[in-house]
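The next block holds one structure in the form of structure tokens; read it before the comments.
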Amino acid sequence: MKSITSSNLLNDNSLLCLLLVLFFLPLVLLGFSHFQNVNEISLLDQLNTSIGFVKSDKDGYHLSFGGSLKKVEVPIYFPIEVSQSHKIRINYIGSKNLKAIKVVIPGVSERSYRYRHLVRIIDRHSGSLTFGLNDTNAPYVTLALYGDSGKKRPTIDIIISSLSISERRFIDSNIYYILLMLCVSSSLVFIGILCGSLIQRYCHYNYNSSSLFILFGIFSYSLILLFALLFFQWISPINYSQYFLFIVIIFTILLIYYAYKFNLISTNNNGFIASIKTPVLIYLFFTTIVAFIVCCIDGIALQEYYWTLIGKYRMFDGHRAHDNAFQYLNALAIAENKPFNYFYQAPQLIRHLMFGVEDRQVMMGAILGAYRVLWAHISIYLVKGYGFFIIIGSCFSLLIIFPLYGFFRIYYQRYIVVLAITLLLMGTFVLGNIYYTWFKILGGGCVIAGIYFLHFHSEYLKSWVIAGIFLGLAVNMHTGQAIVYPIIAIYFFYQYLSNYSTASFIKAITFTFTLTFVVVTAMLPWEIIKHYYFPNKSDLFRLHFLHGQSYSDSIFQTAINFFSDRYTFSQQLSHRTEQLVKALRFNDIQTWYSNIGVWNFKNYMLSWNKLQFRYITIMVYPLLIMLLVTVYVRKFFDNAWTKRREFNAELPRLNSLLGLSICCVVWGLLVMYTKSETISSSFVSQYATLFILMFLHCLIASYSRLGLVLIILYSCISFTKLYVYFSKVLVFSSVL
């Protein structure tokens, strides 16, 4: 092991101090902001009463409209000169037919604001809306109320209980959002260091796998957090939160105590911290980037952020949001200990989600609910809106950094791995799904972590156990990760036999059986929660693997038999082969290329963003072209720029894992039987696609100087694509 100098110790201790400062700073600022003097001026008297408002001393202002009328616009006039430092807050109660509330600011195109100020009412149609002002010369804003009168044309009622204008507080600014994101990410990493160092000491692994144990440690803590919450809900659903907080504090104190007892985070032995310093800094950097993107796109105060804001325009016009909504609504139900139907009951919500109450994303929804209860003890203000779920979800999604760094750092130099991770995370597909909080990417990181232990330490039974835990956690993140398990198990079964001897056949069988048993056991958290809250209808399995057919019989085996009788083997083979060919997206690339002469530069970039987000396989093609250029240019130019560098002797083993990843992609496409082309290309295991993309980035950058230059140029193009897209939707309405 490399010796640790005093300067290294200083840097390592500085990292711990940085994490602690980032953890406490937003909380201190939150405390100061509560004592900040805020003068609110009521605007109720400034409403235009000529269109039907009736003033009530008790409830506020009432408005009724219906019949053929589906929209009412109410001007709100300002009694004072407003500026960007002001915010307006509306509290309302609406009838069941009230569909949405939107605010339009004069002088600014309505399209820029229709996403930002659209509010869908889901909880008894009551709530609040807070927004800032960009145009300081605007004397009024328009409050647009939308109703759904339907065929019966019922009356639509709304009561505006309060309407006020006040100065923004610090916690309404974008800077506070970014600091809070760093606070959450720092707390997760700090817990990961505590848990991960203890787990690593127990397993007697070297420091090369430290970044993987950060991921393991965070999940260990999160699962304990989750089951502590559920336990107290089950035994005492009324006053469980105090006990829950007490358990979390005691457990965290024990972690700190044992970490210092074994000299794992002290100045005497900082090897663990030194080995994970680089991925931690990358992690903190990207949490800042994601926080900046999220808070600047809409410019809405954190507590007023709403999940419907994650729509098509935020997803590169790729598809509508739904998975993140399931996480949010499931988390609310678990955190507040209410039936799930309570949060899914609004008809317009069902239409938006495309599904009813579902057991989708229930595991991460439960974990997010546990963090919501925990942070609510710090400030209910923080967890009030969907913005807090974006913070937690994005921090979890960015954990993909640790397995990627831990795995590829063994083969490539540090700057190569850092560059590759940066380019990968700034890709359209990966970046979009990070702040979309799609935990399929995180599940892929868990699979990569599991493969690490099977690949480098397969001679030990404990490695198969740890790998099984990671693979099981991957299924908890997204059930689609289970598709690749048979391929992975078969691959490492035969690898074990080839590395040792055929006499090890019984041992290989035992290890593989142990792996399967641990994977199934690690899936139990998801199964327990799903069984407790949902009936098992296997809707997603039928949608993705049985051609979306509906069956009157809910029995799982009956549905499979019905599908087998309806579609012959030749029909299935033809359809699956067609899915595999379509997944290559040649037709989409041809269409895109044919429009280059028609589109301008902006449309050209935006269309490529959309293609890369919808079909991740398209992200591979530019990298393959660059790789071919670096290989074949050397045949004509043999100099310092094209000379091939010395490779790690272990690279052939890495190439075999590349083959495994490709096989997993092909298997994932063949095993599905669905109508949707988007699903067939996006439902493949993200472990495989992320591994292939990371491998290509590292290979090109390390192949020669020319390859490194090409990667840097490609990164400039990627950043330009993102800039063109985000410049289209960014709204800076908060004072930084």
Side-chain angles (χ1 to χ4, degrees), residues 115-116 174-185 188 282-328 331 361 364-365 367-368 371 382-383 385-401 421-445 477-478 609-610 612-614 616 619 682 686 690 718-719 721-732 734:
Y115 300 106
R116 174 186 164 205
N174 290 342
I175 288 182
Y176 184 77
Y177 183 97
I178 295 173
L179 289 176
L180 187 61
M181 189 85 158
L182 285 171
C183 171
V184 173
S185 60
L188 289 180
I282 299 174
Y283 181 72
L284 295 177
F285 171 77
F286 270 99
T287 53
T288 307
I289 294 295
V290 171
F292 180 81
I293 290 175
V294 170
C295 69
C296 288
I297 281 183
D298 295 285
I300 275 183
L302 176 64
Q303 78 281 10
E304 300 299 336
Y305 214 95
Y306 207 71
W307 62 266
T308 51
L309 292 170
I310 305 284
K312 292 182 67 174
Y313 87 106
R314 292 282 300 280
M315 297 295 103
F316 302 95
D317 295 325
H319 57 76
R320 292 196 307 175
H322 53 278
D323 279 4
N324 57 341
F326 287 119
Q327 298 161 17
Y328 174 61
Q361 302 291 340
M364 283 312 301
I367 289 179
L368 293 177
Y371 277 95
L382 296 180
V383 301
Y386 177 67
F388 178 76
F389 288 87
I390 295 182
I391 290 178
I392 299 291
S394 299
C395 289
F396 268 94
S397 298
L398 284 169
L399 292 177
I400 183 66
I401 291 172
I421 289 178
T422 302
L423 296 181
L424 180 62
L425 294 184
M426 294 300 289
T428 304
F429 184 87
V430 180
L431 178 64
N433 282 296
I434 285 174
Y435 62 75
Y436 177 61
T437 61
W438 194 28
F439 290 99
K440 190 176 180 181
I441 289 180
L442 177 56
M477 301 302 103
H478 195 283
N609 275 330
K610 182 177 180 179
Q612 285 194 330
F613 184 82
R614 286 176 61 88
I616 192 173
M619 295 183 65
S682 66
Q686 292 310 306
L690 291 174
S718 298
F719 298 153
K721 288 195 299 95
L722 293 176
Y723 173 77
V724 169
Y725 176 76
F726 285 121
S727 64
K728 172 189 173 185
V729 297
L730 284 180
V731 177
F732 296 90
S734 295

- [ ] Report the C-alpha distance between Val383 and Tyr371 in whole Å, list the side-chain angles of each, state the deciding distance to 0.1 Å, and finish with yes or no for side-chain contact (heavy atoms from CB on, under 4.5 Å).
- [x] CA-CA 9 Å; Val383 301; Tyr371 277 95; over 6 Å; no
Task: Non-neighbouring partners of Ser185 that pass side-chain contact (heavy atoms from CB on, under 4.5 Å), sequence neighbours left out - done: Leu182, Tyr283, Leu284, Thr287, Cys395
TODO: Would you confirm whether Asn609, through its side chain, and Lys721, through its main-chain N or O, come within 3.5 Å as a donor-acceptor pair?
DONE: yes
Open item on the list: Just verifying a value: how many Å separate Leu425 CG and Ile400 CD1, rounded to the nearest 0.5 Å?
Closed with: 8.0 Å
- [ ] Starting at CG of Leu399, measure out to CG of Leu442 and round the result to the nearest 0.5 Å.
- [x] 5.5 Å
TODO: Test Lys440 against Asn433 for side-chain contact (heavy atoms from CB on, under 4.5 Å), laying out the working first.
DONE: CA-CA 9 Å; Lys440 190 176 180 181; Asn433 282 296; over 6 Å; no
Open item on the list: Can you tell me how far apart CG (Leu424) and CG (Leu431) are? Round to the nearest 0.5 Å.
Closed with: 10.5 Å
Open item on the list: So, taking the atom named CZ in Phe286 and the one named CD1 in Ile421, what distance separates them when rounded to the nearest 0.5 Å?
Closed with: 8.5 Å
- [ ] Show the numbers, then the answer: is there a side-chain contact (heavy atoms from CB on, under 4.5 Å) between Met619 and Thr428?
- [x] CA-CA 9 Å; Met619 295 183 65; Thr428 304; 5.5 Å; no
TODO: With sequence neighbours excluded, tell me which residues meet side chain to side chain donor-acceptor pair (under 3.5 Å) with Ser397.
DONE: none
Task: Distance in Å, Tyr435 OH paired with Ile390 CD1, rounded so as to fall on 0.5 Å steps - done: 10.0 Å
- [ ] Could you grab the distance from atom OH of Tyr328 to atom CG of Leu368, nearest 0.5 Å is fine?
- [x] 11.5 Å
Open item on the list: As a quick check of understanding, evaluate side-chain contact (heavy atoms from CB on, under 4.5 Å) for Phe439 and Ile367, giving each step before the final call.
Closed with: CA-CA 12 Å; Phe439 290 99; Ile367 289 179; over 6 Å; no
